[in-house]
Amino acid sequence: MTDTALPPAARMHELLTGFQVSQALFAVAELGVATALLNGPREVDDLAAEVGADADALGRIIRFLAQHGVFRTFDGTVEITDLGHTLAEGPADSLRDVARYFRRTHYAPFGDLLDTVRTGEPAATLFLGKPFFDWIDENPELAALQNEAMAGFTQNARGDLLTAYDFPRDGTIADIGGADGTLLTEVLAAHPGARGIVFDLPSSVFAARPVIEAAGLSERVDIVAGDFFQSVPAADFYILSAVLQDWDNPSALRILRSVSEAAPAGARLVVIDMVVPEGDAPHPTKMIDITMLGMLGGRQRSETEWRQLLADAGFTLRRTVTGSGSYSALEAALA
């Protein structure tokens, strides 16, 4: 377990071996170890047989992760902790799909982060030979996993933000870059007088239909495929959730201008994204900012940076609403 009282060299060694923690967590997630423990403690041998693992190797991984609070062990048995529950399939705060996604998409490219620091080029582009999203679009299985992982992650990271922010009760709400429509279905379920549009690339938005049908919203939602760098549909209200963080400022500006060009008079925009606080205190945005740097060339932004970016696209930032999670809602209107 991390101990800030360790001598500097020991603390640095702990940081340097962080890759081992990641890979151990990936293995636990992929094998379904946490899921197998949801019904109570198990003997390691029995657990290993169920998940298809070598008992000795799994026992050592469990011992290693127990010091990080993922498991508790006693008398040859192991049980899952609240932290470990997040790697199980089923819990509302599950990050199992995120772990499985990171193992297959993020881990290897980050080996080229040194070159990113030297050149500014995303490590994923250097490693894959093409931009990350182009690579994902060529693999339907990974595209589907990305939709599942990001829907779960952003839903947890939003906390109660969709309740804290006052969405419109009527008109048309367009979720730009809305992927499988998870966010829009939540908003429309709470606002029965509104209609919706899910807009994304064909490789992503295909997953929206079953989500919308399962929510009973087929009559109220249009699924539209397109490229937000080119144009977006007209709507009364626009949502950009966890989209602009993926892009550098020139690219984010192009997306915002697509919205401003399509938006009728009186339309509003809400950007659901993270806001980097000032100072050196720990904050999730600072970790995710490095993910953006290494994978996409995107960035997390301070409120001042958000205000300027929106202004450059013709929007005025009206207010910032925070909830219980790490995302905020930045409401803007055309200036």
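For reference, positions follow the sequence shown, starting with 1.
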Check your understanding: Are Arg301 and Asn249 close enough that a side-chain donor and a side-chain acceptor fall under 3.5 Å?
Key -> yes

Point to revise | Side chain proximity check, Asp273 to Trp306, heavy atoms < 4.5 angstrom | key: yes

**Study point:** Side chains of Asp222 and Phe199 in contact at under 4.5 Å (non-hydrogen atoms)
**Key:** no

Review point. Sequence neighbours excluded, which residues qualify as ring-ring contact (aromatic ring centres under 6.0 Å, His included) partners of Phe206?
Key: none

Check your understanding: Going by an N to O cut-off under 4.0 Å, is there a salt bridge joining Arg42 and Asp46?
Key -> yes

Exercise for review: Indicate yes or no: does Arg257 engage Glu261 in a salt bridge with an N to O separation below 4.0 Å.
Suggested key: no

Practice item. Using atom types as modelled and distance alone, determine if a side-chain donor or acceptor of Thr77 lies under 3.5 Å from a backbone N or O of Thr73. Key: no

Practice item. Assign the ring pair Phe132 / His106 to parallel, tilted or perpendicular, where the plane angle (0 to 90°) is split at 30° and 60°. Key: perpendicular

Check your understanding: When the ring centroid of Trp135 is compared with that of Phe127, is the distance short of 6.0 Å?
Key -> no

Revision key, fill the gap. Tightest non-hydrogen contact, residues Ala99 and Phe26, listed as O-CD2, 3.5 Å

Study note, to complete from the structure: d(Arg103 CZ, Leu25 CG) to nearest 0.5 Å is 13.0 Å

Check your understanding: Should Arg100 and Asp97 count as an ion pair when the cut-off is N to O under 4.0 Å?
Key -> yes

Check your understanding: So, are Arg104 and Glu141 salt-bridged, with charged N and O less than 4.0 Å apart?
Key -> yes

Check your understanding: Does any N or O in the side chain of Thr81 come within less than 3.5 Å of the main-chain N or O of Val70, such that one atom is a donor and the other an acceptor?
Key -> yes

Practice item. Evaluate the ring planes of Phe153 and Tyr327, with Trp represented by its six-membered ring, and classify them as parallel (under 30°), tilted (30 to 60°) or perpendicular (over 60°). Key: perpendicular

Exercise for review: State plainly whether the residues Arg96 and Glu30 are in salt-bridge range, i.e. N to O under 4.0 Å.
Suggested key: no

Practice item. Keeping the roles fixed (side chain from Ser251, backbone from Trp247), state whether a donor-acceptor pair exists under 3.5 Å. Key: no

